[in-house]
Undergrad: 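Take a look at the following structure, please.
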Amino acid sequence: FMADIVHGYKTIFPVPLAIGSSFNPDLYETACSVSAAEGAASGIHLTFAPMTDLVRDPRWGRVMESTGEDPYLNGLFAAAMVKGYQGPDKATQLTRNDQILACVKHFALNNQEGDRIHLSSDADERTINEIYFPAFRAAVERADVASVMTAYSLLNNVHAAENSWLIRDNLKNGWGFEGFVMSDWTSTYSPLGCVKGGLDLEMPHGFCMKYEHLKPMIDNGVILESEIDEKVQNILQSLIAYGFLDRPQLDTTIKEDNPYSRDVAYRLACESVVMLKNNGVLPLKAGRRNKTVVMGPRAQVIPCGGGSGSVDPLYSISLYEGMQALGSKWPVSLIDTEGDYASAENIRALEQASAVVVSVGYDRATEKENSDRSFQLPGGQDELIEFALKHNENVIVVVYAGGSVDMSRWKDKAAAILMGWYPGQEGGLAIARILSGEISPSGRLPMTFENRLEDNPSSANYFAGPALTKRGLTN
């Protein structure tokens with residue numbers, strides 16, 4: 001059995017981009033070992049992680065699944081994640097029932113969701129080797145990753161799943177990869193291309209590499225039977241090496257929720273939050289007279305992105321719940337912003353508050369796989385922040401997102417800005433304790449935050465091209 005365990009299985013950790021802000025690969029390795037144990041407890045053999053694609057544009061719907069834009073940092077985290085899932089070294093990999101196979105993805109140069117099956121990522125070999133390959137090589141050469149998943153997109157006009165330069169020349173022959181290569185879902189287009197390109201496993205089932213296509217080509221001498229044998233061998237030798245044919249993977253003795261797992265999630269959440277601005281309003285003042293108002297569409301939930309990054313934790317602590325957990329020294333009230341929030345009562349509460357925390361950002365419907373998101377906050381959230389600023393000068397904005405957002409309308413007026421990312425199940429408590437000063441924010445940005453979208457080099461071309469224009473995906 002295989003599953004997307006992007007940032008947790010039962011215990012939900014911050015998204016990889018948030019963890020990239022921690023600059024702490026060792027702690028991330030620990031988190032992945034927790035996820036592996038929880039996956040094994042449910043009979044999972046393989047996770048489609050880590051995702052080591054480099055961040056190039058904040059509008060990409062899967063930015064949150066990457067650990068950032070730096071090849072070296074991504075490589076450190078890629079190796080750490082693989083070791084967390086599979087085991088710390090080759091001698092001990094998959095020797096216990098609480099480990100699972102890792103699958104590094106998306107090989108290679110995958111940086112966009114819109115029209116991803118038609119786009120070609122074009123780059124010279126030096127750029128590919130120096131910028132895009134290092135994280136994949138780290139997973140292969142430093143952590144012995146068991147499998148590699150190819151990208152949806154084309155690389156220099158050849159589909160990644162059928163690209164022999166990518167799979168055979170570099171991955172297998174150049175780096176010595178001994179595992180198996182799988183395609184992303186329905187990203188194969190030619191039976192001959194898959195066979196000759198070096199692909200081993202077509203996902204989610206055989207569209208191209210199936211009997212009625214391959215048998216005539218073998219009979220006619222177009223492909224060799226030994227080429228098919230090689231693919232079977234690559235898959236089976238991995239399963240044999242990791243003991244999956246010798247024992248059941250399901251282990252119900254492994255606890256799916258325990259204090260240790262929660263503690264790891266909490267520590268990662270604390271280390272992931274980035275303080276983007278503070279004019280002195282933080283930490284919040286303690287005392288019964290210093291009341292804090294919490295408001296915004298993300299105040300009572302811990303949001304996450306959609307698609308492969310979507311999760312449903314066993315439990316979670318929202319920002320408002322985290323503020324309540326601080327105790328009576330930090331009195332807090334909630335303004336519901338679902339309906340008409342500009343009532344006289346709410347205005348009075350804002351004007352009387354010592355500070356206002358506005359919780360904004362995206363969710364699994366507005367930031368997800370298979371679509372690209374807007375740079376602007378969704379659903380009138382800029383107006384909500386401006387409303388709060390109109391009635392209180394001590395406004396603290398907490399942003400939940402899988403990348404940078406347009407803050408131009410309010411960043412100069414806000415008293416403080418925290419980048420909460422998607423912080424996982426313990427995120428509300430971690431952010432609340434940062435706001436109160438119990439914990440110092442220590443996260444650092446793993447990707448560039450633009451003042452405006454035009455400052456990003458890809459801004460003018462991200463939605464360019466006939467295929468995208470035809471589908472209404474222009475900027």
Side-chain angles (χ1 to χ4, degrees), residues 5-9 11-38 47 49-55 63-89 99 102 104 134-136 138-139 142-143 145 258-276 302 304-305 309 311 313 317 399-404 418-434 438-449:
I5 304 178
V6 177
H7 58 112
Y9 189 67
T11 303
I12 306 305
F13 304 101
V15 291
L17 188 66
I19 296 176
S21 297
S22 73
F23 282 69
N24 191 342
D26 291 339
L27 186 55
Y28 201 4
E29 181 177 335
T30 300
C32 290
S33 69
V34 170
S35 296
E38 293 177 347
T47 174
M51 194 271 263
T52 62
D53 304 327
L54 294 180
V55 172
V63 168
M64 59 187 157
E65 296 181 46
S66 170
T67 49
E69 67 186 12
D70 183 77
Y72 178 72
L73 183 66
N74 275 19
L76 292 178
F77 277 113
M81 292 175 71
V82 173
K83 291 178 180 180
Y85 291 126
Q86 297 186 176
D89 54 62
Q99 297 168 329
V104 64
F136 289 98
R142 299 210 300 266
V145 68
N258 59 73
Y260 174 76
S261 302
R262 294 186 180 191
D263 180 65
V264 175
Y266 171 71
R267 287 159 56 198
L268 272 174
C270 291
E271 294 189 21
S272 299
V273 176
V274 180
M275 179 177 284
L276 299 177
I302 283 293
C304 71
V311 292
I317 303 174
V399 181
Y400 293 118
S404 57
L418 290 183
M419 193 65 196
W421 312 105
Y422 296 121
Q425 65 180 48
E426 307 290 336
L429 182 60
I431 293 173
R433 287 179 173 170
I434 288 173
E438 291 184 38
I439 299 169
S440 295
S442 58
R444 291 150 289 180
L445 293 178
M447 65 175 289
T448 300
F449 268 41

Undergrad: Would Leu418 and Tyr400 satisfy side chain to side chain contact (heavy atoms under 4.5 Å, CB included), going step by step from the backbone distance to the final call?
TA: CA-CA 9 Å; Leu418 290 183; Tyr400 293 118; over 6 Å; no
Undergrad: Calculate, to the nearest 0.5 Å, the distance between atoms OG and CD belonging to Ser33 and Gln86 respectively.
TA: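 Between atom OG of Ser33 and atom CD of Gln86 there are 13.0 Å.
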Undergrad: If every non-hydrogen atom of Thr11 is compared with every non-hydrogen atom of Gln425, which pair is closest and at what distance?
TA: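 Closest heavy-atom pair between Thr11 and Gln425: CA-OE1, 3.5 Å.
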Undergrad: Would you find a donor on one side and an acceptor on the other, under 3.5 Å apart, between the side chain of His7 and the backbone of Phe13?
TA: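 Present.
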Undergrad: Going through the checks in order, is the side chain to side chain contact (heavy atoms under 4.5 Å, CB included) test met by Leu445 and Leu276?
TA: CA-CA 9 Å; Leu445 293 178; Leu276 299 177; 4.1 Å; yes
Undergrad: For a quick test of reading the model, state the closest non-hydrogen atom pair linking Pro16 to Thr67 and the distance between them.
TA: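 The pair with the smallest heavy-atom distance is O-CG2, 3.5 Å.
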Undergrad: When you check the side-chain N and O atoms of Trp421 and Ser21, is any donor under 3.5 Å from an acceptor?
TA: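 Yes, side-chain donor-acceptor contact under 3.5 Å.
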Undergrad: Under a 3.5 Å distance rule, please check whether Glu69 uses its side chain to pair with a backbone N or O of Thr448 as donor and acceptor.
TA: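 Side chain of Glu69 to backbone of Thr448, a donor-acceptor pair under 3.5 Å: yes, one is there.
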Undergrad: Keeping the roles fixed (side chain from Ser66, backbone from Leu54), state whether a donor-acceptor pair exists under 3.5 Å.
TA: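 No; zero donor-acceptor contacts below 3.5 Å.
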Undergrad: Please answer whether the main-chain N or O of Ala265 pairs with a side-chain N or O of Glu426 as donor and acceptor at a distance below 3.5 Å.
TA: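 A pair under 3.5 Å: no.
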Undergrad: Looking at Gly68, is its backbone amide N or carbonyl O close enough to the side chain of Asn74 to form a donor-acceptor pair, meaning the two atoms are under 3.5 Å apart?
TA: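 Pair found, side chain donor or acceptor close to backbone of Gly68.
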Undergrad: Grab the two heavy atoms, one from Cys270 and one from Ser442, that are nearest each other, plus how far apart they are.
TA: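 Here Cys270 and Ser442 meet closest at O-OG, 4.2 Å.
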Undergrad: Working to the nearest 0.5 Å, report the span between OH of Tyr422 and SG of Cys304.
TA: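 The OH atom of Tyr422 sits 7.5 Å away from the SG atom of Cys304.
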Undergrad: If you measure from CD on Glu29 to CG on Leu76, what distance do you get to the nearest 0.5 Å?
TA: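 If we round to the nearest 0.5 Å, Glu29:CD and Leu76:CG are 11.5 Å apart.
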Undergrad: Backbone N or O of Ala18 within a donor-acceptor pair of the Ser22 side chain at under 3.5 Å?
TA: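 No: the side chain of Ser22 does not pair with the backbone of Ala18.
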Undergrad: What's the separation between atom CZ in Phe23 and atom CZ in Phe77, rounded to the nearest 0.5 Å?
TA: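 Between Phe23 CZ and Phe77 CZ, I get 7.5 Å after rounding to 0.5 Å.
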Undergrad: To the closest 0.5 Å, what do you measure between CD (Glu438) and CG (Leu429)?
TA: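 The CG atom of Leu429 is 8.0 Å from CD of Glu438, to the nearest 0.5 Å.
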Undergrad: Check Pro441 against Met275 and note the closest heavy-atom contact, atom names and distance.
TA: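 Looking at all heavy atoms of both residues, the closest pair is CG-CE, 3.6 Å.
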Undergrad: Check for a donor-acceptor pair, side chain of Thr47 on one end and backbone N or O of Ile5 on the other, with a separation under 3.5 Å.
TA: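 Judged by distance alone, yes, a pair lies under 3.5 Å.
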